[in-house]
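To start, the structure itself, in structure tokens.
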Amino acid sequence: MNGLTRTNYCADTEGIGKTVVVGGYVQKIRDIGNLIFIDLRDRTGIVQLAFDDNTDRAVFEKARSCRGEFVLLARGVVRERESKNKELKTGDIEVFVDDLRILSKAQTPPFEILNDTNVNEELRLKYRYLDLRRNVLQNNIIIRSKIAKAARDYFADNGFIEIETPMMIKSTPEGARDYIVPSRIHNGSFYALPQSPQIYKQLLMIAGFDRYIQLARCFRDEDLRADRQPEFTQIDLEMSFVDVEDILSMAEGFIKYLFKTVLDADIPTPLPRMSYKDAMERYGTDKPDTRFGMEIQNMTDMVRDSEFVVFRSAIEAGGSVRAIVVPDAAAVYTRKEVDKLVDYAKGIGAKGLAYVRWADEEPNASFKKFFTHDEIASLLSGVGAKRGDIVLIVADKDSVTLPVLGALRLVTAKRMDMIPDGWNFLWITDFPFFEYNAETEHWDAMHHPFTMPKDECVQYLDSDPGKVIAKAYDLVLNGIELSSGSIRINDYELQQKMFESLGLTDEEIEAKFGFLVEAYKYGAAPHGGMGIGLDRLAMLMTGCDSLRDVTAFPKVQNASELMSQAPGKGDKAQLDELGIMITEK
RNA sequence: GGUCCGGUAGUUCAGUUGGUUAGAACGCCAGCCUGUCACGCUGGAGGUCGUGAGUUCGAGCCUCAUCCGGAUCGCCA
């Protein structure tokens, strides 16, 4: 670059008396007449460039002409500052510049490049390359890179082979909606982008690779959330000659290594476990946040004889009455706000929400007409409530009471600010194999149809599908699902039977999974694996609450990308070639 | 697809019951300033009030539609 070669990153500049060459973006200019300071920024941080009346006039004038975000290369001697800045890593030194190159001028950016920004995210995403200049965002991306490296290192050290699987594959039924890619050669046919490399990694096990890993891009055409992007990355792995325990301990080893390497945090292993059934009954969700208590309590027996029709009819219909106690909430939740909770509960499927708001001496129960003073007192002591608490009660089928209270538990805990920091990992095990779909009146696979049922459950496949437990497991961190996996069926006859239980006809099985069933006829070791969400790991490990903050070029809620404006309309020639005609929706 | 929230200088926001010329801070431009680091001082430029209809003598403000972004429910084997 015009005879100058960079010697130091900005924040790594050191050695008083040394001549250095630094390069970066102009963060800030302070022009004090015969004295100019420029804060120069690169991905490591900031160093101050200094110019004074001993500076060559041409260099001085060049410095004066600089503006924010100009790209500079500056040579100079490192010297101690006359007045130091304790806020800055390089606050004790500055570079006294004798040669300055303006490598690139820059327009005034639409927003200032500041770590602590409150600029509208929409604008930041439109100019994502400017947003990404901010050190906080760069650090997130760097941590993400370290996570990926830790994964490759750990699994390579444990004998895993990194193998790429195709991105253009055949659409698989069930599961999420596929993104599809039209084929030019096969007019009218489409590839699908993989929702995960599931089938391919099983085939790699059949091929005998024994241990596979891939940082796999996955695609799901479903609505977005803060923790859901339509394309995302999984640390995808599969192992042969294993059962559940082998995979869990391999994954635990990785988690331990990862957190030590990237965050220098010690994660005690083995990680705690909870069955799906316990998770649902105690937390109303299959991904409980166990950083705080407030578990769901079963009040059914306490109110079994009550006259209150809401409670009684729920119980008589085979349901339950359950509650959570929100400690010290009466001071925070006014009557009006409790009403909002009632609306919220109704919005997520409850018929209603009974409550006791115990602010004053006398607890105020929404159902006090139906209970005596003593009965209410005994209910309160039964659930362990004290004065100042609010008790939220739902009476319905378990499939309503549990998830509703689980959601209320999270909402109120956030509002009460009672969720401590920490790394609370939890394995959820013993998932049901089937999930009844009331709409189609079918049993669907809860995990996926290749999941191995527990040995002792195979006998219930026909008689009582709801009773079949799968060799499937999820890893949950602070209430967010990080990972999901299972042992796969490696026996083609059993696989055939599972497909039949799912209501697939022989023709459907043959058309959709024929090659997979065929493959298992040629011998397969017991195998299983999991996919760990790299994006979510990065989000949690950087303390962010959106995947957008750990993704270089994320998509927004309607799955478009604001910088490039993707997706775009296909042009006429492209569509003609593919034989595609667009109809108005 | 439903519900809710938001959209006013480049940015972040304020804008009274609908009423004269829509303000502030930061940023930007120019000048001055020898130790700044949120530099300071002086002056200046900068607005399709997301868009389109409607109500009204008069709309940033009220109504409807629509676009964009976010949260949430559905959805995500």
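Side chains included, hydrogens not; waters and symmetry mates left out as well; all remaining heavy atoms used. Proteins get letters first, then strands, A, B, ... in listed order; numbering begins at 1 in each.
- Remark: B:A14 base-pairs with no nucleotide in the shown strands. Criterion, Watson-Crick or G-U wobble with two distances under 3.5 Å.
- Among the protein residues, A:Asn558 comes within range of the sugar-phosphate backbone only, with heavy atoms under 4.0 Å from sugar or phosphate atoms but none that close to a base.
- The listed nucleotides are B:U12, B:G69, B:G27; the one nearest the side chain of A:Asn120 is B:U12.
- One can place CD of A:Gln107 at 16 Å from C1' of B:U11, the figure rounded to the nearest angstrom.
- Comparing B:G69, B:A77, B:C28 against the side chain of A:His448 picks out B:A77 as the nearest.
- Atom NZ of residue A:Lys512 and atom CD of residue A:Glu507 lie 11.0 Å apart, to the nearest 0.5 angstrom.
- The distance from atom CZ of A:Phe51 to atom P of B:C33 is 19 Å, rounded to the nearest whole Å.
- A:Ile46 comes within 4.0 angstrom of no nucleic acid atom, judged by non-hydrogen atoms across all strands.
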Can you name the atoms? Protein N/O to nucleotides 35-38 of chain B N/O, anything below 3.5 Å, with the distance.
| unit_1 | atom_1 | unit_2 | atom_2 | d |
| --- | --- | --- | --- | --- |
| B:G35 | O6 | A:Arg79 | NH2 | 2.9 |
| B:G35 | N1 | A:Glu94 | OE2 | 2.8 |
| B:G35 | N2 | A:Glu94 | OE1 | 2.5 |
| B:G35 | N2 | A:Glu94 | OE2 | 3.3 |
| B:U36 | O2 | A:Arg30 | NE | 2.6 |
| B:U36 | O2 | A:Arg30 | NH2 | 3.3 |
| B:U36 | N3 | A:Gln48 | OE1 | 2.9 |
| B:U36 | N3 | A:Gln48 | NE2 | 3.2 |
| B:U36 | O4 | A:Gln48 | NE2 | 2.9 |
| B:U36 | O4 | A:Arg81 | NH1 | 3.4 |
| B:U36 | O4 | A:Ser83 | O | 3.4 |
| B:C37 | O4' | A:Arg30 | NE | 3.0 |
| B:C37 | O2 | A:Arg81 | NH1 | 3.0 |
| B:C37 | O2 | A:Asn85 | ND2 | 3.0 |
| B:C37 | N3 | A:Arg81 | NH1 | 2.8 |
| B:C37 | N4 | A:Ser83 | O | 2.7 |
| B:C37 | N4 | A:Ser83 | OG | 3.2 |
| B:C37 | N4 | A:Lys84 | O | 3.4 |

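- Protein atom CZ of A:Phe60 is 11 Å distant from nucleotide atom P of B:C33, rounded to whole Å.
- B:G69 atom P lies 11 Å from atom CZ of A:Arg548, rounded to whole Å.
- Counting non-hydrogen atoms under 4.0 angstrom, A:Ser560 reaches the backbone sugars and phosphates but no base.
- Nucleotide B:G58: unpaired (no Watson-Crick or G-U wobble partner with both distances less than 3.5 Å).
- Searching all strands for a Watson-Crick or G-U wobble partner of B:U66 with both distances below 3.5 Å returns B:G50.
- Contacts of A:Ser275 classified as side-chain hydrogen bond (donor to acceptor under 3.5 Å, both in side chains), with partners at least two apart in sequence or in another chain: none.
- Side-chain N/O atoms of A:Arg67 include one lying less than 4.0 angstrom from OP1 or OP2 on B:C29.
- Residues forming a ring pair (Phe, Tyr, Trp, His ring centres under 6.0 Å) with A:Phe515 (at least two apart in sequence, or on another chain): none.
- Considering only residues two or more places apart in sequence or on other chains, A:Phe499 meets the ring pair (Phe, Tyr, Trp, His ring centres under 6.0 Å) condition with A:Phe513.
- The nucleotide whose nearest atom lies closest to any side-chain atom of A:Gln557 is, among B:C28, B:A71, B:A77, B:A71.
- Judged as a side-chain hydrogen bond (donor to acceptor under 3.5 Å, both in side chains), and not counting sequence neighbours, A:Glu112 has no contacts.
- When both pairing distances are held under 3.5 Å, B:G43 makes a Watson-Crick or G-U pair with B:C29.
- With rounding to whole Å, A:Lys346 atom NZ is found 22 Å from B:U72 atom P.
- Applying the salt bridge (Lys or Arg N to Asp or Glu O under 4.0 Å) test to A:Asp289 and every residue at least two apart in sequence or in another chain returns A:Arg291.
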When you compare the protein's N or O atoms with those of nucleotides 3-10 of chain B, which come within less than 3.5 Å of each other, and at what distance?
| unit_1 | atom_1 | unit_2 | atom_2 | d |
| --- | --- | --- | --- | --- |
| B:G10 | O2' | A:Pro110 | O | 2.6 |

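- By the ring pair (Phe, Tyr, Trp, His ring centres under 6.0 Å) test, A:His448 is found to be paired with A:Phe450, residues two or more places apart in sequence or in another chain being considered.
- At least one test fails for A:Arg67 against the ring of A:Phe70: distance under 6.0 Å to the centre or angle within 45° of the axis.
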Dump the pairs, protein N or O against N or O of nucleotides 74-76 of chain B, anything under 3.5 Å, distances to one decimal.
| unit_1 | atom_1 | unit_2 | atom_2 | d |
| --- | --- | --- | --- | --- |
| B:G74 | N7 | A:Arg225 | NH2 | 3.1 |
| B:G74 | O6 | A:Asp223 | OD2 | 3.4 |
| B:G74 | O6 | A:Arg225 | NH1 | 3.0 |
| B:G74 | O6 | A:Arg225 | NH2 | 3.2 |
| B:G74 | N1 | A:Asp223 | OD2 | 2.6 |
| B:G74 | N2 | A:Asp223 | OD2 | 3.3 |
| B:C75 | O2' | A:Glu222 | OE1 | 2.5 |
| B:C75 | O2 | A:Arg228 | NH2 | 3.1 |
| B:C75 | N3 | A:Arg228 | NH1 | 3.3 |
| B:C75 | N3 | A:Arg228 | NH2 | 2.8 |
| B:C75 | N4 | A:Arg225 | NH2 | 3.4 |
| B:C75 | N4 | A:Arg228 | NH1 | 3.3 |
| B:C76 | O2 | A:Arg228 | NE | 3.3 |
| B:C76 | O2 | A:Arg228 | NH1 | 3.0 |
| B:C76 | N3 | A:Arg228 | NH1 | 3.0 |

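- Interatomic distance, A:Tyr25 OH to A:Ser104 OG, rounded to the nearest 0.5 Å: 8.5 Å.
- In this entry the distance linking CG of A:Asp31 with P of B:U42 reads 17 Å, nearest Å.
- Taking atom CG on A:Leu562 and atom P on B:C67, their separation rounds to 16 Å, with Å as the unit.
- Comparing the P positions of B:A14 and B:A24 gives a spacing of 16 Å, expressed to the nearest Å.
- Note that A:Arg128 lies outside the cation-pi zone of A:Phe553, set by a 6.0 Å cut-off to the ring centre and a 45° limit from the axis.
- Between A:Arg64 and B:C33 there is no side-chain polar atom (N or O) within less than 4.0 angstrom of OP1 or OP2.
- Taking atom C1' in both B:C39 and B:G27, the straight-line distance is 16 Å, to the nearest Å.
- Base-pair partner of B:U36: not found among the strands shown (Watson-Crick or G-U wobble, both distances under 3.5 Å).
- Applying the salt bridge (Lys or Arg N to Asp or Glu O under 4.0 Å) test to A:Glu61 and every residue at least two apart in sequence or in another chain returns A:Arg64.
- Base pairing annotation: B:U3 forms a Watson-Crick or G-U wobble pair with B:A71, both donor-acceptor distances under 3.5 Å.
- Atom pair A:Tyr436:OH and B:A77:P shows a separation of 20 Å (rounding to whole Å applied).
- Of the listed residues (A:Asp227, A:Thr233, A:Leu477), just one forms a side-chain contact (heavy atoms from CB on, under 4.5 Å) with A:Arg536, and that residue is A:Asp227.
- In this structure A:Tyr283 satisfies the ring pair (Phe, Tyr, Trp, His ring centres under 6.0 Å) test with no other residue, sequence neighbours excluded.
- The phosphate of B:A77 has neither OP1 nor OP2 within less than 4.0 Å of any side-chain N or O from A:Ser484.
- Among residue pairs with one or both ends in residues 394-414 of chain A, those qualifying as salt bridge (charged side-chain N to carboxylate O under 4.0 Å, His left out) are A:Arg322-A:Asp398, A:Lys351-A:Asp396; sequence neighbours excluded.
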